[in-house]
Protein chains: 2
Amino acid sequence: MDKLEDYKRPSVAVDIVVFTIMHGRLKVLLIKRGREPFKDLWCLPGGFVRIDESPENAALRELKEETGIKDLYLEQLYTFGKPERDPRGRVISIAYFALVDSTKIKPAVTGEEGIKKIGWFDVDFLPDLAFDHKEIITYALKRLRYKLEYTAVGFELLPDKFTLTDLQKLYETILGEKLDKRNFRKKAMAMGIVEKTREQRKGSHRPALLYTFRKKASSSAFKQVKFEK
Amino acid sequence: MDKLEDYKRPSVAVDIVVFTIMHGRLKVLLIKRGREPFKDLWCLPGGFVRIDESPENAALRELKEETGIKDLYLEQLYTFGKPERDPRGRVISIAYFALVDSTKIKPAVTGEEGIKKIGWFDVDFLPDLAFDHKEIITYALKRLRYKLEYTAVGFELLPDKFTLTDLQKLYETILGEKLDKRNFRKKAMAMGIVEKTREQRKGSHRPALLYTFRKKASSSAFKQVKFEK
DNA sequence: ACAAAAGTGTTCCTAATACACCCATGA
DNA sequence: TCATGGGTGTATTAGGAACACTTTTGT
């Protein structure tokens with residue numbers, strides 16, 4: 001094997017695709033670029049990996065710095081490394097996939113006064129994006145839909161207490177299809193994935209029971225599906 | 001976002017976990033290190049990503065240089081990036097997952113005379129490994145078993161023509177469990193994943209029909225399983 | 001004729017789907 | 001009393017699992 005010094009080194013960055021559900025729509029967090037290249041275009045939050053930190057740490061750090069978000073579900077998505085993907089030079093980017101419960105987002109993040117301009121965009125109406133970030137989001141979306149169907153990762157998008165209708169709406173929003181209420185509830189219960197609380201949520205109609213997520217059962221599949229190679 | 005020059009850059013490498021089936025056993029390709037650190041320990045084939053090539057290209061190039069293998073199934077596995085994973089300094093490694101049909105391996109690769117010493121090791125009897133390569137292999141194995149159950153990736157480990165018993169043995173070897181012959185064949189046929197040829201393989205018993213893989217149907221699941229989060 | 005692997009169907013059971021009405025509350 | 005979403009059960013169907021014997025060939 002060759003020596004480390006023999007090679008010009010690429011820069012290594014992380015980019016994070018953060019999803020949340022707001023007003024029944026699936027949203028991605030974007031940041032407006034303040035400089036060239038792609039000045040004033042939107043891009044994913046992210047930044048360079050420091051020489052003494054793990055990529056995962058870099059992702060968490062950048063998210064906190066840029067958006068204030070720190071309590072979220074994070075997993076590695078894919079490493080994008082085509083030589084021409086960044087006009088500034090060789091940048092290899094380790095992309096991460098993240099989910100946050102929108103009720104935990106601080107006002108600063110949804111809002112107006114940070115140095116960086118940030119915003120949540122509906123996945124079906126994304127603006128033009130810098131670099132290959134469109135491709136990264138597309139990949140992340142695929143992963144999200146896929147994971148939702150056979151893991152219990154969806155709970156990461158809900159507050160601690162939620163109604164079964166909340167949960168079903170979340171599935172319907174992300175998968176883009178209507179689900180049968182009775183079958184959905186039957187399955188959620190049968191899997192032991194949720195647990196009743198004694199609390200209710202009120203509205204101008206019959207109050208709904210609140211449930212919590214049982215971590216114990218989180219590895220069960222919600223729906224078994226074929227996998228696209 | 002900060003400037004590229006502001007950061008010390010890590011080295012970026014690729015490591016490839018190449019699986020094959022030999023004599024009914026699942027094997028991984030390893031290379032003996034010729035220098036420190038970890039001199040004389042076995043490690044995964046791999047090397048540094050050049051400044052103008054994609055990581056996938058680097059993986060293919062290194063495999064060809066080190067082992068002569070060039071016709072294989074390759075997909076990105078995971079990026080390992082803990083700061084302390086390489087004692088020489090900061091090296092982030094993009095791991096790849098590869099499958100080869102053992103009948104396509106050139107003698108030089110299975111053999112003795114290359115500059116590098118290389119060998120195929122039974123996954124159940126791995127030697128001590130350099131760096132975090134044990135962990136990488138464990139991760140790759142998990143991926144292999146997982147993919148085998150819900151994609152048709154197993155064909156990458158067989159020659160173009162094979163018997164259904166070959167295919168079943170492959171599944172049994174990798175999954176580590178006996179499968180029912182009738183159910184297995186029924187499913188393989190029902191999925192339209194294989195196609196009869198007019199050829200047979202002979203032995204001192206009833207000859208077996210040879211089949212080929214139908215690429216068309218490759219996305220179907222072989223067996224639907226629960227997913228471990 | 002025997003050894004060795006190839007090949008083949010049916011029954012049972014579980015899990016997914018389809019489907020429609022009553023309930024509890026606030027206004 | 002009405003509007004709104006909450007909550008519930010059954011019948012049908014499809015797919016997975018269990019299971020044993022006959023066939024074809026070489027020696």
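Computed from a prediction, not measured in an experiment: that's the story for all the values here. In what follows, every chain begins at residue 1, and chains take the letters A, B, ... in the order their sequences are listed.
Counting only distance, with no hydrogens or angles, the side chain of A:Thr197 and the backbone of A:Leu210 share a donor-acceptor pair below 3.5 Å. Without hydrogens or angle criteria, A:Arg145 side chain to A:Ile174 main chain gives a donor-acceptor distance under 3.5 Å. Under the 3.5 Å distance criterion, the side-chain polar atoms of B:Gln76 are left unmatched by any main-chain donor or acceptor of B:Glu56.
The existence of a salt bridge linking B:Asp166 and B:Arg201 is confirmed by a sub-4.0 Å separation between a basic side-chain nitrogen and an acidic carboxylate oxygen.
Rounded to whole angstrom, the span from the CE atom of A:Met189 across to the C1' atom of C:dA15 amounts to 18 Å. The separation between B:Met191 atom CE and D:dG15 atom P is 13 Å, rounded to whole Å. Atom CG in A:Leu167 sits roughly 13 Å away from atom P in D:dG7 (whole-Å rounding). B:Phe162 has its CZ atom 14 Å from the P atom of C:dA6, to the nearest Å. Taking atom CG on A:Leu209 and atom P on C:dT25, their separation rounds to 11 Å, with Å as the unit. Summarising the geometry, the separation between CG on A:Leu210 and P on D:dG6 is reported as 11 Å, rounded to the nearest angstrom. When rounded to the nearest whole Å, the span between CZ of B:Phe184 and C1' of C:dA6 equals 14 Å. Rounded to whole Å, atom P of D:dG7 lies 11 Å from atom CZ of A:Arg201.
Residues satisfying the ring-ring contact (aromatic ring centres under 6.0 Å, His included) test with B:Tyr78, not counting sequence neighbours, are B:Phe80, B:Tyr139. In this view, B:Glu172 and B:Lys178 satisfy the salt bridge (charged side-chain N to carboxylate O under 4.0 Å, His left out) rule, not counting sequence neighbours.
If you look at B:Phe121 and B:Phe125, their ring centroids are not closer than 6.0 Å.
Using a 4.0 Å heavy-atom criterion, one finds that A:Thr165 contacts the sugar-phosphate atoms exclusively.
Residues A:Asn183 and B:Arg185 both approach DNA chain C. Their nearest nucleotides, taken by heavy-atom distance, put B:Arg185 toward the 5′ side.
Under 3.5 Å, the side chain of A:Lys187 and the base of C:dT17 form no donor-acceptor pair of N or O atoms.
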Each nucleotide of nucleotides 20-26 of chain D classed B (base within 4.0 Å of a protein heavy atom), S (only sugar-phosphate) or -, in 5' to 3' order, makes B--BBBS
